[in-house]
Amino acid sequence: MKAMVLDNPNSVGLETVSKPNSDQGNSIVRVTHSGVCGTDLKIFTGGIPAEYPLIMGHEMIGEVIEPANSSSPQSGTRVIVDPVLYCGECFHCEIGQSQLCPNGGLIGRDQDGGFAEFASAPPQNIFEIPKSISDQEAPLVQVLTTVMHAQQLATISSEETVIVLGLGVGGLLHIQLAKAAGAKTIIGITRSAWKREVAENLGADITLAPDENTKNLVLDATDGLGADLVVESAGKLSVLAQAMDLVRLGGRVLGYGIHTNTEGSLPFYDMYFKEIQFINARAATDKDFVSCLELVGSGAVNLKPLISDVLPLEQLGKAMEMVGTDAPQRMKIIMDHT
Ligand SMILES: [Zn+2]
Ligand SMILES: [Zn+2]
């Protein structure tokens with residue numbers, strides 16, 4: 001089959017490799033569309049370690065061509081692949097934390113992923129996509145599952161003020177889910193005026209550009225208290241520090257962006273003095289896939305405005321370059337394999 005293979009950091013190209021087979025009890029999916037994300041960029045550049053050669057890609061949809069068994073989605077079914085592998089038998093899997101399974105891994109990082117003609121996944125990682133979700137939007141459901149999982153850890157209640165720092169795809173999904181969870185006031189903060197406008201269209205009550213006046217504006221909007229929950233969705237340590245500055249005494253900071261720093265400075269005294277609860281989220285579970293497919297299928301979450309580019313699979317190298325360049329109007333890049 002044809003696949004985009006990462007042979008070394010920063011080197012990806014079209015190669016012919018052997019097609020995955022269903023011997024290991026996996027279903028085989030002909031991939032039609034995949035999403036490119038910041039995690040791929042970190043794998044591509046070597047920031048996230050991987051073994052080469054590797055086919056990246058963990059946001060993928062397609063059509064089952066070889067079902068693993070008679071109870072999993074059958075040939076011809078349009079499906080999304082949950083990239084989080086888990087054993088189903090360990091302590092974490094037993095208590096419902098399959099996303100943390102130490103025997104598991106991520107398709108597209110720890111084993112070959114979706115930037116190819118075909119991909120293979122265990123049958124429990126394959127979910128049928130409702131007809132109302134388009135092919136181009138469907139890979140974004142995987143991102144939504146991670147956002148939903150994160151917000152479940154942070155338990156948003158009505159009457160709360162939620163700030164989202166960083167309004168990329170993840171941040172804009174946080175805004176939509178916080179709205180669906182009934183948050184009273186949602187504030188989105190980003191430098192991009194274009195993304196602020198998208199955020200307002202998707203439910204943000206207030207949007208701000210980060211500057212020296214940001215904190216005062218947040219205090220004005222929160223009776224002088226600060227936000228109940230601040231979501232860090234930029235993956236930058238300075239933004240995490242800003243989250244701790246904008247959260248109220250006794251509030252929560254949700255770390256959603258991925259930080260690969262091994263050291264750096266944070267306002268540790270604020271963390272102590274404000275009794276900040278710091279919540280980190282890594283991945284999602286199968287239950288998140290079921291509820292996100294329902295939510296998007298029903299129209300409660302709008303994925304279409306989050307797609308900025310659609311490229312043929314062969315242009316993955318170009319897509320990596322685009323993800324790595326700061327562009328105010330860049331959102332999700334979808335690779336079209338058809
Ligand atoms: Zn991703
Ligand atoms: Zn396990």
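Because the structure is predicted, anything quoted here is derived from the model rather than measured. Whatever order the structure lists ligands and atoms in, that order sets their numbers, starting from 1. If you read the sequence from its start, that first residue is 1, and numbering goes on from there.
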Lys/Arg N to Asp/Glu carboxylate O, [X] vs [Y], below 4.0 Å:
X      : Y      : result
Arg248 : Asp228 : yes
Arg191 : Asp326 : yes
Glu117 : Lys2   : no

### Query
Can you tell me if Thr77 and Glu128 form a side-chain donor-acceptor pair at under 3.5 Å?
no
### Metal site the Zn ion (ligand 1): N/O/S of Asp40 inside 2.8 Å
no
### Summary
For the Zn ion (ligand 1), the nearest N/O/S atom on Glu59 is atom OE2
### Task
Determine, stepwise, if the pair Arg330 / Met322 fulfils side chain to side chain contact (heavy atoms under 4.5 Å, CB included).
CA-CA 8 Å; Arg330 170 111 351 98; Met322 288 163 71; 3.5 Å; yes
#### Entry: Heteroatoms of the protein, restricted to N/O/S, which lie under 2.8 Å from the Zn ion (ligand 2)
Cys87 SG, Cys90 SG, Cys93 SG, Cys101 SG
Please report, to 0.1 Å, the donor-acceptor pairs under 3.5 Å made by any side chain of residues 164-189, with sequence neighbours excluded.
from	atom 1	to	atom 2	distance (Å)
His174	ND1	Gln151	NE2	3.1
Gln176	OE1	Asn302	N	2.7
Gln176	NE2	Asn302	O	3.0

### Ile80: which of Ile133, Ile61, Leu140 passes side-chain contact (heavy atoms from CB on, under 4.5 Å)
Ile61
